[in-house]
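When a residue number appears, it is its place in the shown sequence, counting from 1. In each ligand, atom 1 is the first atom listed, and ligand 1 is the first ligand listed.
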Amino acid sequence: MSTYHPLTEREAIEISLTLKELFPEGAELTSREIGDGNLNLVFHISDPASGRSIIMKQALPYAKVVGESWPLTLDRARIESEALILEGELAPGLVPQVYHYDAELALTVMEDLSNHVIMRQGLMQNNRYPLFAEHISTFLAQTLFFTSDLGMNQQEKKLRARNFTNPELCKITEDLIFDDPYRDADTNSFDEAIRDEAAALWNDGALHLEVALLREKFLTHAQALLHGDLHTGSIFITPQSTKIIDPEFAYYGPMGFDIGAVIANLLLNYTSRDHWNSDAASAHDYRTYLLDSIRELWTKFELKFRTLWTEHGSDRIAKSAPGYIDLYLQRLLQDTIGFAGCKIVRRVVGLAHVADIDKISDSSQREHTQRLALSIGKSLIKLNRRAKSIDELISTVQTASAVKV
Ligand SMILES: Nc1ncnc2c1ncn2[C@@H]1O[C@H](COP(=O)(O)OP(=O)(O)O)[C@@H](O)[C@H]1O
Ligand SMILES: CSC[C@H]1O[C@H](OP(=O)(O)O)[C@H](O)[C@@H]1O
């Protein structure tokens, strides 16, 4: 059993029974493979008698979405389990508890969050999450600040960065987000109806300059330990609780990449509201809710980050240099806006899309939504280096929406 191979549902049960504290002796377990992501196997194991359950996530040696032709390191399972444990220490209650990690089988056993819903689905079902901005801003401020040179010992940070070196998963991002959408790449995937939009992306030199600068930051700016793939499919949620999962793309990179990922995915949902709401008024209302959430997320993040800087800053000159904190946060906002734009564009023309848009059955409504998403994405990328406040992001989104509607 211990040599690596993809597990069957039966084998997942057998392993679970060896993990003594998880289930009562002699439990009759059930097992179901429920993975719906692009990369891994996920088993839901439960004991109907005691009501206990766990999740067993196993990395496959290739990218599931493409197949065995795209080999992928199993070390990502180690990165994911170590990142979850660290995030749990820095942001208690905001990630699933890790019960067990097996390096040989590349699997992580963790808390079952089935009493939550994946946020992307929740948004598609018109739910609202009044505590989301509060929770996600805490997660972002705590994990980004305390893994950066601002909030931890700088020599230990370098060693930690070495431990989270994640070249294969970074390459996926470097290609799928920061290169392929801007050329006629084989990996791209888009509806034929928007070929003109794709061609426009391939030929927009001003856009390419901004993407090249953002790509350079992703490649070189080891600012903090990122989650690395913080979309709404990596967030489990209820109105009371938020849990971040799936940090297998974790690495030391620019903070704005994580914040931008969350914002991008709220905006992707924003573009699709005419489909998910039953009438124009409720769609408008929901769009307002999403923009308010984005504003609240950034505002709360900034406040928390400033407080951490003042109360826990470990870098003498960073703390005392006049104006540094303001400049730092301004540049972080600019990065956030630029990365948000890149993350929107990739989900419309690149390899992996989002259900918010792809599930729109009416082709002309889907086309309209895709064009709006691209317009917003490009506008944010072009705005990034000029932005001074989160309100500029909001007004850019509103302007793009008004032009496209
Ligand atoms: N801790 C968990 N509790 C309950 N379900 C989970 C948990 N982790 C993952 N899942 C389920 O498995 C799916 C895929 O998990 P994810 O970590 O996103 O895999 P991938 O890395 O392949 O994208 C999630 O969308 C969710 O339905
Ligand atoms: C070839 S991987 C494509 C895409 O999938 C990952 O998402 P997830 O693990 O949540 O399914 C990541 O966003 C990658 O860019």
The ring pair (Phe, Tyr, Trp, His ring centres under 6.0 Å) partners of Y289 (sequence neighbours excluded) come to Y286
Tabulating one pair per line, provide the atom names and distances (0.1 Å) for every N/O atom of ligand 1 that is less than 3.5 Å from a protein N/O atom.
residue  : atom   : partner : partner atom : Å
ligand 1 : 1 (N)  : E111    : O            : 3.0
ligand 1 : 3 (N)  : L113    : N            : 2.8
ligand 1 : 17 (O) : K57     : NZ           : 2.7
ligand 1 : 18 (O) : D246    : OD2          : 3.2
ligand 1 : 21 (O) : N40     : ND2          : 2.7
ligand 1 : 21 (O) : K57     : NZ           : 3.0
ligand 1 : 21 (O) : D246    : OD1          : 2.9
ligand 1 : 21 (O) : D246    : OD2          : 3.2
ligand 1 : 21 (O) : E248    : OE2          : 2.7
ligand 1 : 22 (O) : L39     : N            : 3.3
ligand 1 : 22 (O) : N40     : N            : 3.0
ligand 1 : 22 (O) : N40     : ND2          : 3.3
ligand 1 : 23 (O) : D246    : OD2          : 3.3
ligand 1 : 25 (O) : D36     : OD1          : 2.7
ligand 1 : 25 (O) : D36     : OD2          : 3.3

Atom 7 (O) of ligand 2 has as its nearest protein heavy atom D229 OD2, 3.2 Å
Ligand 2 atoms nearer than 4.0 angstrom to some heavy atom of E248 are 9 (O)
Does R347 come within less than 4.0 Å of ligand 2, judged by its heavy atoms? yes
Margin query: Before you tell me yes or no, could you show the steps for H44 and D112 under side chain to side chain donor-acceptor pair (under 3.5 Å), namely the whole-Å CA-CA distance, both residues' side-chain angles and the distance that decides it to 0.1 Å?
Written below: CA-CA 8 Å; H44 182 266; D112 177 17; 2.8 Å; yes
Nearest non-hydrogen contact to atom 5 (O) of ligand 2 from the set N40, L39, N38 belongs to N38
With sequence neighbours left out, the residues meeting ring pair (Phe, Tyr, Trp, His ring centres under 6.0 Å) with F178 are F218, F339
Practice problem: Before accepting this row, confirm whether a basic side-chain N of the pair K300/E134 lies closer than 4.0 Å to the acidic partner's carboxylate O. | Solution: yes
I'd like to know if D204 pairs up with K382 as an ion pair, taking the criterion as any Lys NZ or Arg NE/NH1/NH2 lying under 4.0 Å from an Asp or Glu carboxylate oxygen. yes
The answer for which part of D246 has a heavy atom under 4.0 Å from ligand 2 is side chain
G37 heavy atoms within 4.0 Å reach ligand 2 at atoms 11 (O)
Check: Quick one: does Q142's side chain have a donor or acceptor within less than 3.5 Å of a partner on A91's backbone?
Finding: no
CG of D292 to CG of L266, rounded to nearest 0.5 Å, is 11.5 Å
Of all protein heavy atoms, the one nearest atom 10 (O) of ligand 2 is H231 NE2, 2.8 Å
Q: Look only at interatomic distance and state if R346 has a nitrogen or oxygen under 3.5 Å from any nitrogen or oxygen of ligand 2.
A: yes
Within 4.0 Å of some non-hydrogen atom of V65, the atoms of ligand 2 are 1 (C)
Residue pairs passing the ring pair (Phe, Tyr, Trp, His ring centres under 6.0 Å) test with at least one member in residues 373-398, sequence neighbours excluded, are none
CD1 of I45 to CG of L29, rounded to nearest 0.5 Å, is 7.0 Å
(Q) Less than 3.5 Å apart, any donor N or O on the side chain of S272 or D274 sitting next to an acceptor on the other? (A) no
